[in-house]
Amino acid sequence: MPSNDTQTDAVELTPVHVDHLIADGELAAENAWCVSYDTETLPEQRPAFVPLALWQANQDDVELAPLLSSDTELTTELGQQLSGTNAIAVDFPAFTDGRGYTLARLLRERYGYTGEIRAVGDVLVDQLDYMRRCGFTAMALRDDQHPDDAIRALNMFSVRYQTDVEQRQALFERRLLASE
Amino acid sequence: MYRYDIHDQTLVDERVAQFRDQMDRYRAGRLGEEEFRPLRLQNGLYIQKHAPMLRIAIPYGMLAGKQLRALADITRRYDRGYGHFTTRQNLQLNWPALEDVPDILADLAKVQMHAIQTSGNCIRNTTSDQFAGIAGDEVEDPRPWCELIRQWSTLHPEFAYLPRKFKIAVSGAAQDRAAIQVHDIGLRLWHNADGEVRIKVLAGGGLGRTPMIGDVVREDLPWQHLLTYLEACVRVYNQFGRRDNKFKARIKILVKALGIEEFRRRVDEEWAHLKDGPQTLNQAAVDAAKIHFPEPARRPVTDSAIAEFERLRGENRSLARFVTNNVTDHKVSGYKAVTLSLKRREHAPGDVTADQMEAVADLADRYSFGEVRVTHEQNLVLSDVPVDELEALWKELDALGMANPTVGTLNDIICCPGGDYCGLANAVSIPIAQALQERFEDLDFLYDLGPLDLNISGCMNACGHHHVGHIGILGVDKKGEEYYQISIGGNSTDDASLGKILGPSFFREDVPDVVDKVLQVYVAERHEDERFLDTYRRIGLKPFKERVYAQQ
Ligand code: HEM
Ligand code: SF4
């Protein structure tokens with residue numbers, strides 16, 4: 001298998017807090033969660049998203065939720081295991097890494113996951129619409145992003161051709177229904 | 001022609017507003033250079049050697065006269081009055097100002113055009129056969145299927161940040177004119193014994209620094225599953241394609257690394273979950289797409305008119321030459337497709353002035369139901385010309401400098417912009433094309449050589465398709481000097497093959513001589529009626545090599 005090691009550099013070990021969280025299409029009033037990339041030790045701050053293996057080892061701790069790296073291979077077993085949590089974070093190690101979009105769609109559409117899916121990491125204003133369409137319900141903006149740009153960017157499009165998590169009928173199908 | 005409805009129009013309008021907003025934020029310093037990069041690329045905007053470059057999409061090569069006129073107007077108002085048709089059926093503007101791009105996109109949107117996903121690491125403009133819908137050897141018209149793919153791939157939320165660019169080509173004829181074997185995904189439409197459309201799916205072809213011919217993933221995909229299967233292929237690539245090295249990030253590297261069986265297994269596993277899902281096509285959806293590509297209201301052409309045309313052709317040697325090379329048979333008797341050559345020594349292959357664009361639009365209106373197609377050989381096609389109007393059309397084309405009767409010959413060179421425009425080039429390529437066109441302009445000689453693809457790229461990115469030229473020329477850089485490497489035996493059609501390098505590279509001024517020697521070997525060795533490519537395949541590289549590198 002080809003290696004996917006884009007994220008080995010810039011591993012951040014101190015838990016990250018995010019100033020601006022977009023949740024359900026709006027700027028969230030508060031954001032209690034921190035994100036910890038430390039794969040070995042649990043963070044003191046809670047609640048926290050922690051790397052998958054650490055979460056798996058501490059599943060009875062209700063203040064923890066899994067953080068999926070972008071190269072996570074979402075097997076059936078893992079997909080089912082994840083359905084037991086209320087929130088999942090998907091990491092974007094670089095905004096150009098598009099694997100997180102597929103992860104979110106698989107969680108929603110294949111594993112029927114209904115809890116929060118939060119995008120964390122290199123999350124930019126211009127990605128939010130795609131993220132939402134792929135099933136993210138919360139996006140933790142990178143520090144330098146302007147929240148008002150984010151809200152505007154989220155609402156730029158009223159048309160989509162494809163099916164996605166929000167739009168369950170392709171446009172070709174909707175056109176046919178409209179013409180009947 | 002596909003015509004936008006309110007949904008398509010709203011989407012491109014909203015896209016223009018989005019890009020304007022992004023550009024404003026970029027210019028105000030709220031959007032960094034690095035963050036802006038993929039956004040501008042996915043709107044066709046490159047930063048090039050001299051100036052920005054804008055790549056405008058021409059979906060599967062189809063243009064309406066009205067659109068061509070708008071393009072002419074845009075090149076005049078925002079550029080230097082000309083444009084460049086590319087091997088991917090796009091139009092590039094070489095000199096727009098950055099701050100004008102939102103306005104250019106807005107003007108394009110007015111005529112149902114855009115530059116969405118013409119660059120960047122996403123699914124690019126889908127390309128097809130320039131004779132779609134009119135070719136005698138066609139089994140299934142690819143255009144409605146291309147349009148369905150265009151819609152599916154446009155602003156696909158999951159695939160805007162793929163590991164690398166992704167190109168799809170579709171062919172529906174016996175002969176492949178869309179180079180499907182050298183695309184990330186190539187689709188071949190065919191009919192099974194019951195007359196139902198089936199799709200052969202190839203994956204992992206491509207040029208660039210590691211050229212490869214695609215492998216067959218599936219021979220007989222039922223048409224209903226076109227979009228879900230494509231989604232499965234691209235999803236597997238998005239998840240498992242390499243991202244650590246951009247030179248190894250194309251799907252061809254993944255297919256090679258996994259092996260085609262394993263790749264197919266993963267696609268099928270993915271597809272099992274998508275199959276029969278909401279993007280499954282039904283007859284009504286396909287019919288709705290087909291309505292956009294009706295047969296034009298062709299008037300009947302009488303047998304006597306056809307006979308008269310044959311008589312003219314017999315009498316007029318110049319017309320006969322044009323007809324032999326630039327005119328293609330049509331599925332409807334009495335009609336022809338006419339290829340307008342954009343190859344002349346005075347300009348780069350594929351270049352067209354605004355005046356020419358307008359003139360072609362007028363000719364399209366008068367002779368061919370107002371439609372023009374762009375070919376991946378960087379020419380234009382009028383697809384529906386009645387034979388009794390051919391002579392008149394030919395005269396008008398001649399006056400425009402677009403009747404060069406050399407389509408398909410050595411003179412019909414495919415060429416990338418190279419060092420004259422492109423920041424990535426190792427060497428110039430346009431002057432090489434011009435030097436060759438000057439050297440080989442004798443028509444009798446060109447015709448004697450028969451069909452010959454000569455393709456030139458200014459660097460190994462292979463925008464000029466040099467790997468699949470019967471003769472390929474590649475600009476290479478050695479210690480800051482420009483050299484040219486020559487390969488032979490490439491081919492992009494049904495029996496696709498990659499060219500083999502002849503040997504050490506050459507100085508620029510020697511290229512015409514070297515090509516001449518290669519041709520001399522062919523002329524000496526060929527059997528009667530044998531194409532250059534076939535002679536090469538029969539005798540191999542050695543005789544060419546010996547002749548070219550012989551001590552003087
Ligand atoms: C001047 C600006 C251009 C730039 C910076 C550029 C850049 C590139 C790059 C980087 C690649 C290699 C991608 C890869 O294989 O991974 C490439 C490939 C290619 N480009 Fe361009 N290009 C330019 C213009 C053109 C033009 C004018 C054409 C058509 C005439 C073109 C058609 C192609 C094609 C057909 C390929 C091969 C793709 C494949 O592997 O299937 N490009 N280009
Ligand atoms: S082949 Fe190289 S030189 Fe030519 S256009 Fe492509 S990137 Fe530029």
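This one's a predicted model, so the numbers in the text were calculated from it and none came from an experiment. To find a chain, count down the sequence lines: A is the first, B the second, and so on, and within it residues start at 1. Hydrogens, waters and symmetry mates are skipped; everything else that's a heavy atom, side chains included, is used.
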S.K.: Between Pro157(B) and Tyr130(A), what is the shortest heavy-atom contact and its length?
M.R.: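 Shortest heavy-atom separation between Pro157(B) and Tyr130(A) comes out as CA-CD2, 3.3 Å.
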S.K.: Kindly determine whether Gln239(B) and Thr102(A) satisfy side-chain hydrogen bond (donor to acceptor under 3.5 Å, both in side chains), including the steps that lead there.
M.R.: CA-CA 7 Å; Gln239(B) 285 175 290; Thr102(A) 292; 5.7 Å; no
S.K.: Most heavy-atom pairs under 4.5 angstrom with chain A, which of Arg25(B), Arg15(B), Gln22(B)?
M.R.: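 Max contact count across the listed options: Arg25(B).
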S.K.: Looking only at side chains, do Arg99(A) and Tyr161(B) share a donor and an acceptor under 3.5 Å apart?
M.R.: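 No - no donor-acceptor pair under 3.5 Å links their side chains.
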S.K.: Among Arg142(A), Gln127(A), Gln145(A), find the residue that satisfies the side chain to side chain donor-acceptor pair (under 3.5 Å) test when tested with Glu35(B).
M.R.: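 For Glu35(B), the side chain to side chain donor-acceptor pair (under 3.5 Å) check succeeds only for Arg142(A).
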S.K.: Out of curiosity, Phe172(A) CZ to Leu281(B) CG, how far, rounded to the nearest 0.5 Å?
M.R.: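 So the CZ of Phe172(A) and the CG of Leu281(B) are separated by 4.5 Å.
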S.K.: Begin with the C-alpha distance, continue with both residues' side-chain angles, and end with the deciding distance and a verdict on side chain to side chain contact (heavy atoms under 4.5 Å, CB included) for Glu14(B) and Met156(A).
M.R.: CA-CA 6 Å; Glu14(B) 289 173 347; Met156(A) 286 267 174; 5.7 Å; no
S.K.: State whether the number of non-hydrogen atoms from other residues, nucleotides or ligands found under 6.0 Å of Glu26(A) atom CD is greater than 12.
M.R.: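 No, CD of Glu26(A) has 12 or fewer neighbouring heavy atoms, counting only those of other groups under 6.0 Å.
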S.K.: Which one of Leu162(B), Leu39(B), Asn121(B) has the most heavy-atom pairs closer than 4.5 Å to chain A?
M.R.: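 Among the listed options, the one with the most contacts to chain A is Leu39(B).
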S.K.: Counting only non-hydrogen atoms closer than 4.5 Å, does Arg152(A) touch chain B with its backbone (N, CA, C, O), its side chain (CB onward), both, or neither?
M.R.: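 It is the side chain, since no backbone atom gets that close.
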S.K.: Taking everything shown except Lys248(B) itself, do over 12 heavy atoms lie less than 6.0 Å from its NZ?
M.R.: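 No.
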S.K.: By a 4.5 Å heavy-atom criterion (distance strictly below it), what part of Arg175(A) contacts chain B: side chain, backbone, both, or neither?
M.R.: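 It is the side chain, since no backbone atom gets that close.
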S.K.: If I measure from the heavy atoms of chain A, does Thr280(B) come under 4.5 Å with its side chain, its backbone, both, or neither?
M.R.: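 Only the backbone of Thr280(B) comes within 4.5 Å of chain A.
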S.K.: So how far is it from Leu103(A) CG to Glu158(B) CD, rounded to the nearest 0.5 Å?
M.R.: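 Rounded to the nearest 0.5 Å, the CG-CD separation comes to 9.5 Å.
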S.K.: I'd like to know if Glu270(B) and Arg110(A) make a salt bridge, using a cut-off of under 4.0 Å between side-chain N and carboxylate O.
M.R.: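 Salt bridge: yes.
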S.K.: Side chain, backbone, both or neither: which part of Val125(A) has a heavy atom under 4.5 Å from chain B?
M.R.: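 Only the side chain of Val125(A) comes within 4.5 Å of chain B.
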S.K.: Given Arg160(A) and Leu155(B), is the side chain to side chain contact (heavy atoms under 4.5 Å, CB included) satisfied, shown in steps?
M.R.: CA-CA 8 Å; Arg160(A) 45 206 53 181; Leu155(B) 307 194; over 6 Å; no
S.K.: How close do Arg105(A) and His156(B) get, heavy atom to heavy atom, and via which atoms?
M.R.: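 The pair with the smallest heavy-atom distance is NH1-CE1, 3.6 Å.
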S.K.: Okay, side chain of Asp21(B), backbone of Ala153(A): is any donor-acceptor separation there less than 3.5 Å?
M.R.: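 Flag not set: sc Asp21(B) to bb Ala153(A) has no pair under 3.5 Å.
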S.K.: Working to the nearest 0.5 Å, report the span between CG of Leu171(A) and CD of Gln279(B).
M.R.: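 Output value for this atom pair is 11.0 Å.
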S.K.: Using every non-hydrogen atom in the two residues, find where Arg235(B) and Leu106(A) come nearest and quote the distance to one decimal.
M.R.: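 Taking Arg235(B) first and Leu106(A) second, the nearest heavy atoms are NH1-CD2, 3.5 Å.
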S.K.: Can you see which heavy atom on Phe240(B) is nearest to which on Glu73(A), and at what distance?
M.R.: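 Distance-wise, the nearest heavy atoms are CE2-CD, 3.7 Å.
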S.K.: To check you understand the geometry: which heavy-atom pair defines the closest contact between Ala285(B) and Leu176(A), and what is its length?
M.R.: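 Heavy atoms only, the tightest pair is N-CD1, 3.6 Å.
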S.K.: Judged by atom type as modelled, is there a donor-acceptor pair below 3.5 Å linking the side chain of Gln151(B) to the main-chain atoms of Tyr161(A)?
M.R.: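 A pair under 3.5 Å: no.
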S.K.: To the closest 0.5 Å, what do you measure between CD (Gln162(A)) and OG1 (Thr154(B))?
M.R.: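 One finds 7.5 Å between CD of Gln162(A) and OG1 of Thr154(B).
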S.K.: State, to 0.1 Å, how close Asn238(B) and Gly98(A) come at their nearest heavy-atom pair, and which atoms those are.
M.R.: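 It is ND2-O, 3.0 Å.
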S.K.: Does Asp19(A) have any salt bridge (Lys or Arg N to Asp or Glu O under 4.0 Å) partners at least two apart in sequence or in another chain, and if so, which?
M.R.: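 Residues passing salt bridge (Lys or Arg N to Asp or Glu O under 4.0 Å) with Asp19(A): none at all.
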